[in-house]
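Right, one structure below, let's go through it.
Remember, it's 1-based here, ligands and their atoms both numbered in the order they're listed.
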Amino acid sequence: MAQTRFFENVQKYVEKAADFTKLPKGLIQQIICCNAVYQIKFPVRIGNEIQVIEAYRVQHSHHRLPTKGGIRYSEMVDQDEVMALAALMTYKCAVVDVPFGGAKGGIKINAKNYTPAQLERITRRYTFELIKKGFIGPSLDVPAPDYGTGEREMSWIADTYISFNPSQIDAYGCVTGKPVSQNGIRGRTEATGRGVFYGLRQACEDKDDMKVLGLTPGIAGKTVIVQGFGNVGYHSARILQEEGDAKIIGIAEYEGALYNPNGIDIEKLKKFQKENNTIRGYPDAKFIAKSNDILEYECDILVPAALENQITKENAPKIKAKIIGEGANGPVTPEAEDILLKKGVLIIPDMYLNAGGVTVSYFEWLKNLSHVRFGRMERRFQEGANMNLVNLIQEKTGKKLSKLEMEKMVKGADEIDLVRSGLEDTMIYSYESIHEIWKKHKKMDSIRTAAYVNALGKIGEAYLEMGIFP
Ligand code: GLU
């Protein structure tokens, strides 16, 4: 699929939102553009030949440092795509109050065509190229996982960076999404999916919005189709099902889609996919060979959680979902959005809905800088205080709690509890902020525009406070 207009699409969204702000035109232009674009071509020995690898790192905005954003491995990577994704990171961080500028990286490869050893060589060489130009570092630019990368790649990046900066005490903060054993944080892998869940649950709680859609408030029982069964799609579907009681009726992957109107058991499907390396042949759902057809099926919520440009002006008129939750970055084009909004579809935008990943990355970075696990200092103290309180209540009321009740009441928060709670709070508070902007402006077409207005306000303020626009 052509990727050439992705950055322009993001720009269009920003320009639309800018009309609702009082920020000077020049400042909007400064916010829109990419501050630094680094294109690299480096040689890697693959088998008997030398391959020239094309890669990028784009720092979209330096209004806050470090800059932050994932690194993707995909054949579709090009400068336009990385610029657009970097820009989305800036707005995303602003919406969820994560104090970073936006960045993104990409290596133009299909990771499936390389052995782990070859991928390690490519990743380490790419990291070295970033080090050479100051495009990585805990106070400069902090990569993370994205499409085609995960914990493994992040630990190679951390190890390479540390090898070149052995005396830097905060060196582990040079990248997030690391394995827990390599100074990562519990809950980072599921974070984007968990954020999608919290965000959709929040959106479905609004009685008025649900009434307009002809839906009852609450996420429980809502029918959901998820496109993508990688990290974001899988965890979104799993948590929507396990904690939200939503009914996942469709899952789309690149090799085809699965449909079952009675619901698909997500854990069972993941197990099947791991064992067979495909979702094809899963016994408890109907297989649909043309994967994207399922996007047009009847459902309450459609979650595109794969790649950009999936809902376009071609398929938008046929979409029947009442809510679209953008788990991926840029899955709906501006032309498609116009069509969907006219049809009354509620779109929960990427820059808010998939911000769970970078939110927990921020927690990981804080952990790396503070060199202490969240909860370590206070958990036991908290448990002691809770215990005293429970004992006092038991004494005064003469009632005894069961062992299970006691455990629940007394338990102090450990790292995973704090990460989830911090993420939940972020997703709820941010939704309230953007929803309020949307409701305040009668003429504002979408929650996306409201999210951009929210982000522009914060970024604009940061620039103005720097004093470079006297
Ligand atoms: N790649 C993820 C995103 O697009 C996470 C970025 C990060 O954690 O820095 O939001």
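Taking a cut-off of under 4.0 Å to the non-hydrogen atoms of S361, the atoms of ligand 1 that pass are 7 (C), 8 (O), 9 (O). Close contacts between ligand 1 and K104 involve ligand atoms 1 (N), 3 (C), 4 (O) [criterion: under 4.0 Å to a heavy atom]. In the vicinity of M89, heavy-atom distances shorter than 4.0 Å reach the ligand 1 atoms 3 (C), 4 (O), 6 (C), 10 (O). Near N329, meaning under 4.0 Å from one of its heavy atoms, ligand 1 places the atoms 4 (O). The atoms of ligand 1 that sit less than 4.0 Å from any heavy atom of G357 are 8 (O). Ligand 1 places these atoms under 4.0 Å from at least one heavy atom of G70: 1 (N), 6 (C). In the vicinity of R188, heavy-atom distances shorter than 4.0 Å reach the ligand 1 atoms 5 (C), 7 (C), 8 (O). Those atoms of ligand 1 that come under 4.0 Å of a heavy atom in G69, given as number and element, are 9 (O).
Between F135 and Y38, the ring planes lie tilted relative to each other; the angle falls in the 30° to 60° range.
With a heavy-atom cut-off of 4.0 Å, R72 does not touch ligand 1 at all. Only the backbone of P145 comes within 4.0 Å of ligand 1, judged by heavy-atom distances. Neither the backbone nor the side chain of T192 has a heavy atom within less than 4.0 Å of ligand 1.
At a cut-off of 3.5 Å, with distance as the only test, no side-chain donor of Y452 or R448 sits close to an acceptor on the other residue. For K16 and S446, the side-chain atoms include no donor-acceptor pair closer than 3.5 Å. Side-chain atoms of Y114 and Q51 form a donor-acceptor pair, as typed in the model, at a separation below 3.5 Å.
By the side chain to side chain donor-acceptor pair (under 3.5 Å) test, E242 pairs with R238, sequence neighbours left out. Shown here are the side chain to side chain donor-acceptor pair (under 3.5 Å) partners of E151, two or more places apart in sequence or in another chain: T189.
If you check which protein heavy atom lies closest to atom 10 (O) of ligand 1, you get K92 NZ, 2.7 Å. Nearest protein heavy-atom neighbour of atom 7 (C) of ligand 1: A144 CB, 3.3 Å. What sits closest to atom 9 (O) of ligand 1 on the protein, heavy atoms only, is K68 NZ, 2.8 Å.
Look at D350 and K92 and you find no salt bridge, because none of the NZ, NE, NH1 or NH2 atoms lies under 4.0 Å from a carboxylate O.
Note that K270 lies in the cation-pi zone of F229, set by a 6.0 Å cut-off to the ring centre and a 45° limit from the axis.
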